[in-house]
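To keep things clear, I will list the structure first and then write my remarks on it.
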Amino acid sequence: MLTLSRRQTLGLGAAAFITGVLAGRLPVSAADASTLTIAFNVNLPSFDPTVGPSAVNPTIQAIYRSIFDQFVAQGPDLSFQPGLLTAWGWNDDKTKIWMDVREGVTWHDGTPFTPADIVWSLERAAKAETGNPIQFVWSTVGNFTVDGNRITGDVLRFDPTVFKWMAFLTGYVMPKAYYEKVGPEGFEKAPVGTGPYMFDAYEGNAFLRLKANPNYFGGKPAFDTVVFKFVPDATSRVAEIESGSSDITLEIPYEEFDRLKEKDGLAGVSTPISDIGMIFINNVDVMLDKNVRLAAHHAIDKKAIVSRLLRGYGVPIDTLEAPEYIAYDASITVGYDPELAKKLLADSGYSPDKPAKFTIQTTRGFKPKDYEMIQAIAGMWRKVGIEANIEVYEIAKHYELRAADTLAPAAFYNWGNAIGDPTTSTGFAMFGPSPHSVWNTDDLDNMIAPLWGEKDEEKRIAGWKAVSKYIAEQGYVIPVLQYAQPIVYKSALKVTPNVSGALQPTLVAGA
């Protein structure tokens, strides 16, 4: 009989409490060395990694990559590596693609993985009715034929990033026979992949438990069991790692990171990742005024935010291309200039006494100091003549509103681009027809449209740099910083940081 005091129950939190009850004991410390317990910062809305808004949430990829394999794998340094495809490419005139499929792989239900699973997964992703958010990428190839382990297909519309996407969001191989047998509802109840870990148990908004795949083609993983505790509140994640209830956590306040990494029995690592903190601008209300948009950008002291609020963890940026991205242009700067911001606002009839008003949406605790950053920015805006009403929402709500193009005039978000291509940062975030964009104007769309299928790589990258410069000049988006991801873990562990930000269990091992 498990007896809990009221204080114990409150201290544990819902995720830890439920996990403890299922284990038949209080989770006052994480399990033995064969189990890895992760205090995770988001919930898991869906197990299908290829459909719906959650499929394009970079944070959840750590879970998806544990259960499923991608067409093309990616190392923690973002290098592309063989996955379920061992080789891939185009023919000389780029009218066809070819892919070689890995042999000797089995699905978690014991059935063999075959080239038919690759073809079915690509064809399913290409159909708009399946709900893949990146359908417009997958639909660029088709008419596949299989000869042994070699798949060939036609390039229906040339997309220079199609193989890169095979290592990115929604680029997962699904089990054709199993999915067709159980359907989407059955798959959500018992997902099957080929990945290093297999589904074991799930309690919505509380935890996910995985078991090691002993037949994994990459070798049996380090831990027999992995538990993802869903702990969206940052303070609770700190408590999880400090109490020993979890072995590792991420995205905690930087002051807590600095404190905990020096504590006996704990260690920490924080490196720049491919995520950008940005403020979406929606072309509605006062944001139709270029002066207001530019004033809002010039009024933000990004260096002060990083140095004071984030304790130096982060890189201030002025475009949606981080320094590691292939289209990064260091010459594009906007700059902190509150006096210029005041002048721009005055030219449009605004001042601190008669402010421009709009709502800005933000998460709270999803990323370190996300809400506090927006509070600080709102304070900076107030000084120049902008009054921003802060509205807090969950990250799932952001995806819902963004897909419907109903975000507030301003909305803070972290944009992940683990493949470093401009189409996946500037392109999808700013191209009007994209389901991920809320800025919709012909001038920008006409600049971006020809770049999607540009075969000359030098011309393509130069075109994206010109787009980034134009966006900065027009104030169509406000990039704030490149994130550094704080990870705290027990010193008995060894953690390899992932530049993509995905805290994958396969990157954790015993020290």
Side-chain angles (χ1 to χ4, degrees), residues 39 41-42 58-59 231-238 241-242 249-263 266-280 296-325 328 333-336 338 360-383 388 390 392 395 398 410-417 425 477-489 495 497-503:
N41 60 328
V42 293
T59 308
V231 190
D233 179 69
T235 302
S236 298
R237 290 198 299 279
V238 170
I241 192 69
E242 192 163 21
T249 195
L250 72 165
E251 306 293 10
I252 61 173
Y254 292 109
E255 64 269 22
E256 294 286 18
F257 171 75
D258 282 341
R259 179 179 68 86
L260 291 172
K261 71 179 182 179
E262 302 298 331
K263 189 173 180 180
L266 295 177
V269 61
S270 182
T271 56
I273 58 174
S274 59
D275 280 14
I276 287 175
M278 59 179 282
I279 299 175
F280 274 106
H297 201 163
H298 285 298
I300 300 175
D301 189 345
K302 301 173 187 178
K303 290 183 179 179
I305 288 174
V306 170
S307 64
R308 298 174 191 172
L309 194 59
L310 305 183
R311 302 171 74 93
Y313 294 104
V315 180
I317 56 173
D318 288 329
T319 83
L320 294 182
E321 303 297 319
E324 292 80 5
Y325 298 0
Y328 175 68
T333 59
V334 175
Y336 171 54
I360 181 168
Q361 294 164 320
T362 181
T363 51
R364 187 171 191 169
F366 175 62
K367 299 288 281 188
K369 298 294 184 181
D370 45 8
Y371 176 72
E372 289 81 0
M373 274 192 277
I374 297 306
Q375 281 186 310
I377 289 171
M380 296 171 186
W381 282 344
R382 195 176 302 113
K383 293 177 181 178
I390 301 175
V392 177
I395 190 63
H398 168 88
F412 187 57
Y413 175 68
N414 75 292
W415 187 275
N417 181 13
S425 50
V477 70
I478 303 178
V480 180
L481 79 157
Q482 178 187 14
Y483 279 107
Q485 183 185 65
I487 302 173
V488 178
Y489 51 93
V495 177
N498 194 341
V499 179
S500 77
L503 182 57

Inset, instruction - May I have all residue pairs that pass salt bridge (charged side-chain N to carboxylate O under 4.0 Å, His left out) and include part of residues 299-310, sequence neighbours excluded? - result: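 Every pair satisfying salt bridge (charged side-chain N to carboxylate O under 4.0 Å, His left out) with a residue in residues 299-310: Lys302-Asp318.
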For the [atom1] atom of [X] and the [atom2] atom of [Y], what is their distance to the nearest 0.5 Å?
X	Y	atom1	atom2	value
Gln485	Asp275	CD	CG	7.5 Å
Phe366	Thr59	CZ	OG1	3.5 Å
Leu320	Ile478	CG	CD1	11.0 Å
Ile374	Lys369	CD1	NZ	14.0 Å
Ile276	Leu481	CD1	CG	9.0 Å
Leu266	Lys261	CG	NZ	12.5 Å

Which pair of non-hydrogen atoms, one from [X] and one from [Y], has the smallest distance, and what is that distance?
X	Y	value
Ser274	Ser500	OG-CA, 3.5 Å
Val392	Arg364	CG1-CB, 3.8 Å
Tyr254	Pro368	CE1-CB, 3.6 Å
Thr271	Pro497	OG1-CB, 3.7 Å
Gly335	His298	O-ND1, 3.0 Å
Glu321	Tyr328	O-CD1, 3.0 Å

Give a yes or no answer on whether the side chain of [X] reaches the backbone of [Y] with a donor-acceptor pair at less than 3.5 Å.
X	Y	answer
Trp381	Ala299	no
Thr249	Ala39	yes
Arg237	Val231	yes

Inset, instruction - Please step through side chain to side chain contact (heavy atoms under 4.5 Å, CB included) for the pair Val480 and Ile279, ending with a clear verdict. - result: CA-CA 7 Å; Val480 180; Ile279 299 175; 4.2 Å; yes
Legend entry - side chain to side chain donor-acceptor pair (under 3.5 Å) partners for Arg259, two or more places apart: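 Checked Arg259 against side chain to side chain donor-acceptor pair (under 3.5 Å); matches are Glu242, Glu256.
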Inset, instruction - Classify the ring geometry between Phe257 and Tyr313 as parallel (under 30°), tilted (30 to 60°) or perpendicular (over 60°). - result: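 Judged by the thresholds at 30° and 60°, the geometry between Phe257 and Tyr313 is perpendicular.
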Inset, instruction - May I ask you to decide if the ring planes of His398 and Tyr413 are parallel, tilted or perpendicular, using 30° and 60° as cut-offs? - result: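 Parallel: the ring planes of His398 and Tyr413 meet at under 30°.
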Inset, instruction - Decide side chain to side chain contact (heavy atoms under 4.5 Å, CB included) for Asn414 and Tyr483; before the verdict, give the C-alpha distance in whole Å, the side-chain angles of both, and the deciding distance to 0.1 Å. - result: CA-CA 9 Å; Asn414 75 292; Tyr483 279 107; 3.6 Å; yes
Legend entry - Those residues that, when tested against Pro272, pass side-chain contact (heavy atoms from CB on, under 4.5 Å) (two or more places apart):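 Scan of Pro272 (side-chain contact (heavy atoms from CB on, under 4.5 Å), adjacent residues dropped) gives Gln482.
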Inset, instruction - Carefully, step by step, assess Leu260 and Ile252 under the rule side chain to side chain contact (heavy atoms under 4.5 Å, CB included). - result: CA-CA 10 Å; Leu260 291 172; Ile252 61 173; 3.9 Å; yes
Inset, instruction - Take Val269 and Tyr489 through the test side chain to side chain contact (heavy atoms under 4.5 Å, CB included) and record every step on the way to the result. - result: CA-CA 9 Å; Val269 61; Tyr489 51 93; 4.0 Å; yes
Inset, instruction - Taking atom types as modelled, find out whether Thr363 and Asp370 have a side-chain donor-acceptor pair closer than 3.5 angstrom. - result: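 The answer is yes; a qualifying pair exists.
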Legend entry - Asp258 side chain reached by Arg311 side chain, heavy atoms, under 4.5 Å: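 Yes, at least one pair of side-chain atoms sits under 4.5 Å.
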